[in-house]
Protein chains: 2
Amino acid sequence: MGSDRFPDPPAGRARLSRPRVLRAAIDLVDREGLAALTMRSLATDLGVEPMALYRYADGKQALLDGMVEAFYAEVNDLLRADAEVPPPSTDEAGDGGWRAALHRIARAFCQVADAHPAVFPLVATRPLSLPLARRPLPMLQLNEQVLALLDRAGLDDRATLRLYRAVVGWVIGYLLVDKRQVIDNPEEPEPLLRLGLHRLPAEQYPRLRALAALLVEHDPEAELAAGLDILLDRLGG
Amino acid sequence: MGSDRFPDPPAGRARLSRPRVLRAAIDLVDREGLAALTMRSLATDLGVEPMALYRYADGKQALLDGMVEAFYAEVNDLLRADAEVPPPSTDEAGDGGWRAALHRIARAFCQVADAHPAVFPLVATRPLSLPLARRPLPMLQLNEQVLALLDRAGLDDRATLRLYRAVVGWVIGYLLVDKRQVIDNPEEPEPLLRLGLHRLPAEQYPRLRALAALLVEHDPEAELAAGLDILLDRLGG
DNA sequence: ACCTGAACACCGTTCAAGT
DNA sequence: ACCTGAACACCGTTCAAGT
């Protein structure tokens with residue numbers, strides 16, 4: 001995370017640093033939601049004047065991009081951590097393990113998204129306004145890693161990219177849809193009422209009402225992995 | 001779009017109406033981007049004072065939700081329109097046509113996303129903070145329609161929901177990733193340079209650099225449809 | 001019922017100043 | 001080099017008033 005433009009100061013004495021600012025921003029959003037993040041509230045959290053932040057991010061927009069950067073850095077850290085505890089068989093499935101490696105990446109991504117649900121919308125949408133080469137380095141690093149793994153499937157370049165888009169789109173889309181299970185009234189024990197579905201006219205939305213009770217009961221990690229396998233099977237040759 | 005709370009006035013004489021406000025909001029965002037949308041700028045566009053908008057949306061947040069509502073309403077309109085021009089064979093593929101109907105929905109969704117690229121991030125993320133039953137009616141209507149179509153695959157409830165999540169996640173995720181192809185320097189004729197990739201060190205990102213030239217060359221509609229078929233094949237029994 | 005207009009609290013950011 | 005503090009333009013929203 002230490003790019004040239006935002007150097008980490010000598011470390012120890014100095015009060016602020018880019019990682020510290022980004023971490024504080026993510027903490028604040030985890031605690032109070034995206035809307036509560038302002039340059040002023042973040043400054044207060046860090047015990048500093050708002051303008052002090054501008055040394056570590058070029059403004060609010062850049063701060064948001066920095067949070068996406070921190071998100072991907074966390075994914076990469078997680079992956080490095082469990083790479084040090086390799087699974088029993090080094091050559092996991094006889095295919096060089098690229099498939100299992102992709103699953104590990106998806107799982108790590110999923111874990112970080114779960115840890116910072118309010119940050120995830122930023123991860124899904126902010127890169128839309130950034131040209132590829134300007135994206136956060138940790139994001140590019142993960143992209144490169146996924147591409148390198150897909151290469152081992154032995155596809156040509158076009159097919160590799162098609163599979164790449166499918167994998168990334170699937171993971172982000174599935175997480176986005178899954179995290180939509182927002183509860184209306186957390187007090188209510190009945191799951192159907194918790195979702196506020198009694199407000200839905202049953203005549204107009206028969207299927208939605210009938211299935212809504214089951215909406216909450218599923219295993220996101222397993223479904224995400226299953227879909228990933230399907231796409232790898234059929235697009236991976 | 002005419003809910004009880006925001007009635008369309010007699011129509012004709014009256015200056016403002018909820019559809020007119022939402023349409024103006026989407027126009028503004030299409031023209032100048034999400035950041036340019038403020039209650040004040042929207043009011044100016046409509047030739048009205050900012051506070052006049054509060055009669056048609058309960059505030060900025062509700063306005064954003066209203067735009068998602070308008071987005072889904074546009075999808076539904078599109079679907080109704082081409083339902084009036086049915087394909088030559090009424091029973092499209094012998095399976096009751098539910099598969100083809102799903103493809104039509106995906107295509108319509110895709111078209112509207114293309115028409116309003118700056119609005120799409122709202123569509124992808126705003127429902128995260130709304131409990132199911134509070135979501136815009138046009139969105140619930142489309143959800144119901146998709147569920148009804150999936151029912152025809154003859155799956156049990158759990159499998160139907162699994163497939164439902166997969167289909168919705170796939171379409172949204174794919175569109176999100178595909179629309180990320182943002183151009184760095186539109187003047188530059190060379191596609192590789194247009195993406196700003198000369199700034200990527202080739203040693204660290206060999207695959208990304210090698211494949212980036214091909215990133216722009218693909219057929220989004222076809223890839224989206226292909227992925228949809230794969231998921232329907234394997235999760236649809 | 002529908003819209004105006006002034007006012008308030010808060011926001012991101014500038015600029016000049018401190019150390 | 002790193003942070004402060006005052007200031008500015010702009011924002012969403014309140015409230016009371018007009019017609």
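Lettering of chains follows the sequences in order, A, B, ..., and the numbering in each one begins at 1.
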A.B. asks: Could you verify whether a donor N or O on one side chain and an acceptor N or O on the other, from Thr38(A) and Ser41(A), lie under 3.5 Å apart?
C.D. replies: yes

A.B. asks: Does a side chain donor of either Arg126(A) or Gln61(A) reach within less than 3.5 Å of an acceptor in the other side chain?
C.D. replies: yes

A.B. asks: Less than 4.0 angstrom from a charged side-chain N to a carboxylate O is my criterion; do Arg31(B) and Asp45(B) meet it?
C.D. replies: yes

A.B. asks: Separation of Arg20(A) atom CZ from dC3(D) atom P, in whole Å?
C.D. replies: 9 Å

A.B. asks: Is Arg165(B) salt-bridged to Glu223(A), going by a charged N under 4.0 Å from an acidic O?
C.D. replies: yes

A.B. asks: Before accepting this row, confirm whether a basic side-chain N of the pair Glu144(B)/Arg209(A) lies closer than 4.0 Å to the acidic partner's carboxylate O.
C.D. replies: no

A.B. asks: With pairs defined as Watson-Crick or G-U wobble and both distances under 3.5 angstrom, please note down DNA chain C as a dot-bracket string, | for pairing with another strand.
C.D. replies: ||.|||||...|||||.||

A.B. asks: To the side chain of Leu16(B), which of dC3(C), dC15(D), dC11(C) is closest?
C.D. replies: dC3(C)

A.B. asks: Counting any heavy atom closer than 4.0 Å, what does Met39(B) reach on the DNA or RNA strands: base, sugar-phosphate only, or nothing?
C.D. replies: sugar-phosphate

A.B. asks: Can you find a side-chain donor-acceptor pair between Tyr205(A) and Asn143(B) that sits under 3.5 Å?
C.D. replies: no

A.B. asks: In whole angstrom, give the distance that lies between atom NZ of Lys60(B) and atom C1' of dC10(C).
C.D. replies: 14 Å

A.B. asks: How many Å lie between CZ on Arg40(B) and C1' on dC11(D), as a whole number?
C.D. replies: 6 Å

A.B. asks: In plain terms, say whether Asp65(B) and Arg134(B) are close enough for a salt bridge, that is, a side-chain N and a carboxylate O under 4.0 Å apart.
C.D. replies: no

A.B. asks: Take atom CG of Leu53(B) and atom P of dC3(C), then tell me their distance rounded to the nearest Å.
C.D. replies: 10 Å

A.B. asks: For the side chain of Arg55(A), counting heavy atoms from C-beta on, which of dG5(C), dC3(D), dC15(C) is nearest?
C.D. replies: dC3(D)

A.B. asks: Rounded to whole angstrom units, what separation is found between the OH atom of Tyr54(B) and the P atom of dA6(C)?
C.D. replies: 18 Å

A.B. asks: In this structure, how many angstroms lie between the P atom of dA1(D) and the CZ atom of Arg15(A), rounded?
C.D. replies: 20 Å

A.B. asks: From CD of Gln61(A) over to P of dC11(C), roughly how many Å is that when rounded to an integer?
C.D. replies: 16 Å

A.B. asks: Please state how far atom OH in Tyr56(B) lies from atom P in dA1(C), giving the value in whole angstrom units.
C.D. replies: 12 Å

